[in-house]
Amino acid sequence: MSSARTPYQRFIKNLKSTMDMLKLSPAEKKLFLEPQHSHEKTITMTMDDGKNKSFPAFRVQYNNARGPYKGGIRYHPLADKDEVMALAALMAIKTAVVGIPMGGAKGGIQCDPKVLSKRELQELSRAYVRAFQEHLGPDIDIPAPDVNTTPAIMAWMRDEYEKRTGTYAPAMITGKPLSYDGSRGRDTATARGGFFILQELIEGEALDSKNLRVVVQGFGNAGAVMAHFLHDAGYTVVAVSDSHGGIYSPDGIDPVRIEKYKNKTGTVAGEYCRGSVCDTQKMKMDGIRQVSNEELLELPCDILIPAALDNVITEKNAKNIKAKIILELANGPTSPEADEILQKRKIKVIPDVLANAGGVTVSYFEWTQGRSGEQWTDAHVDAELKRVILTAYKDVRREVHRDKVSYRQAAFIVGVRRIVEAMRVRGWVE
Ligand code: NAD
């Protein structure tokens, strides 16, 4: 089977080899191979034009052996049950790798949020909570933002839940606006967690950020924030991209400038191009070249950071990748076949379940603040995030050296072992 596998099949391939390594019993394996609950509803609502429209909606609760289910809600035209299941399973591994007392879940609505009005978006979000209300709650399942969902959407969802249940429940959802019981540092947490790991990794290898070139795919919440951290720390960010394509400059680009034009024009190439028409003279003067998202992955660099889509590094391009380190801020960007090629080529891949776990870690901090009524400072959030994420990194690295496995295999070993231990303690398995 090639990388035409579905997201869930890709997850299962990684999971099966881990379960074999850990010599799990057939009963233990069975509990891992399927989600505990997979809820599916159709949301029908009246659109602004007066017509009714239906949207498939999902909430997959993969495993709660270690604590309440936790995971974001994605709004995307291609969101489907298989994808949501894979993301829910990754969440279960991720929360276990960073050692926070939560399980794994994920949600999704198959929709194109870009064509919805604000009223429609709000109605759809509130309808999602009504559809799955009995399965949600601060001690049961705590959603969060994911691709195309925002703090404003989290606020509508909390409000709907509180109205329906007649409770005060700031801890029923995370990623809320700061003014509505959100946590400081949540907006930058995913990139910051990845950045802490990268710094630790390069220090361990006696590398200097001043000599390292980085390519970042995706200029959203994860990718753009990461580009800023890297630039500020002296790395040379040589290329960035968004869904319209990328720009490359061997001498480095300034994320602040890119962001300014992206906000104004909607694309990272906005300073030079309007649609497909580009000011080639200005690009030449600034040493900038346009690149496709495929080309971007194969550019000369030391560190590659996929921060957009899944399954972008495959057996087709893995052999052409020049980076020596890949830090997966996106979920599932590397196919299992590509992973094998990269491992043979001794390219270090810091896997999603570790590299982007800063997001769920600060979500957990938000949940604890919601339950206690406390408000943490930026410094406290940062210090705690650093402690949690670097402890996880060291736990995984220990496994890499002990078992001579890749970082992904090591992270899966750490995560699966912790979940199995919790299942045994609870008496779910012998
Ligand atoms: P986002 O919507 O804020 O940004 C996504 C970026 O990817 C945008 O710049 C978009 O233009 C770009 N993009 C879309 N299609 C593309 C394509 N074909 N090629 C290149 N770029 C493309 O989303 P985000 O929150 O930054 O999430 C990005 C990835 O990181 C996802 O895989 C998500 O699951 C993962 N992630 C995010 C968080 C978080 O806290 N934001 C946490 C964990 C994992």
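Along the sequence shown, residues are numbered consecutively beginning with 1. Counting convention: from 1, in listed order, for ligands and their atoms alike.
Numbered from 1 in the order shown, with element, the atoms of ligand 1 that lie under 4.0 Å from a heavy atom of Asp146 read 34 (O). The distance from ligand 1 to the heavy atoms of Arg74 drops below 4.0 Å at these ligand atoms: 34 (O). Near Asn356, the atoms of ligand 1 lying under 4.0 angstrom from a non-hydrogen atom of the residue are 43 (C), 44 (C).
Here the shortest heavy-atom distance to atom 4 (O) of ligand 1, taken over Gly218, Ala189, Gly220, belongs to Gly220. For the residues Thr149, Asp310, Asn293, the heavy atom positioned nearest atom 19 (N) of ligand 1 is part of Asn293.
Below 3.5 Å of separation, one finds no N or O of Gln217 facing any N or O of ligand 1. Residue-to-ligand polar distances keep Gly359 apart from ligand 1: every N/O pair is separated by 3.5 Å or more. Checked against a 3.5 angstrom limit, the closest N/O atoms of Ser241 and ligand 1 fall outside it.
The shortest contact between atom 28 (C) of ligand 1 and any protein heavy atom is with Ala307 O, 3.4 Å. In terms of protein heavy atoms, atom 31 (C) of ligand 1 is closest to Ala308 O, 3.4 Å. In this structure, atom 25 (O) of ligand 1 lies nearest to the protein heavy atom Asn221 CB, 3.6 Å. Nearest non-hydrogen protein atom to atom 38 (C) of ligand 1 is Thr190 OG1, 3.5 Å. In terms of protein heavy-atom proximity, atom 9 (O) of ligand 1 is nearest to Phe219 N, 3.0 Å. Protein heavy atom in closest approach to atom 26 (O) of ligand 1: Ala222 N, 2.8 Å. The shortest contact between atom 15 (N) of ligand 1 and any protein heavy atom is with Ser243 CB, 3.4 Å. Looking at atom 17 (C) of ligand 1, its nearest protein heavy atom turns out to be Leu309 CD1, 3.5 Å.
There is no side-chain donor-acceptor pair under 3.5 Å between Asn311 and Ser335. Using modelled atom types, one finds no donor on one side chain facing an acceptor on the other under 3.5 Å when comparing Thr174 with Tyr364.
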**Request:** For Thr6 and Asp82, run side chain to side chain donor-acceptor pair (under 3.5 Å): C-alpha distance rounded to whole Å, both residues' side-chain angles, the deciding distance at 0.1 Å, then the answer.
**Result:** CA-CA 7 Å; Thr6 67; Asp82 184 278; 3.0 Å; yes
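A salt bridge links Arg158 with Asp181: the distance from a Lys NZ or Arg NE/NH1/NH2 to an Asp or Glu carboxylate oxygen falls below 4.0 Å.
Both the sub-6.0 Å distance and the 45° axial angle are satisfied by Lys41 relative to the ring of Phe132.
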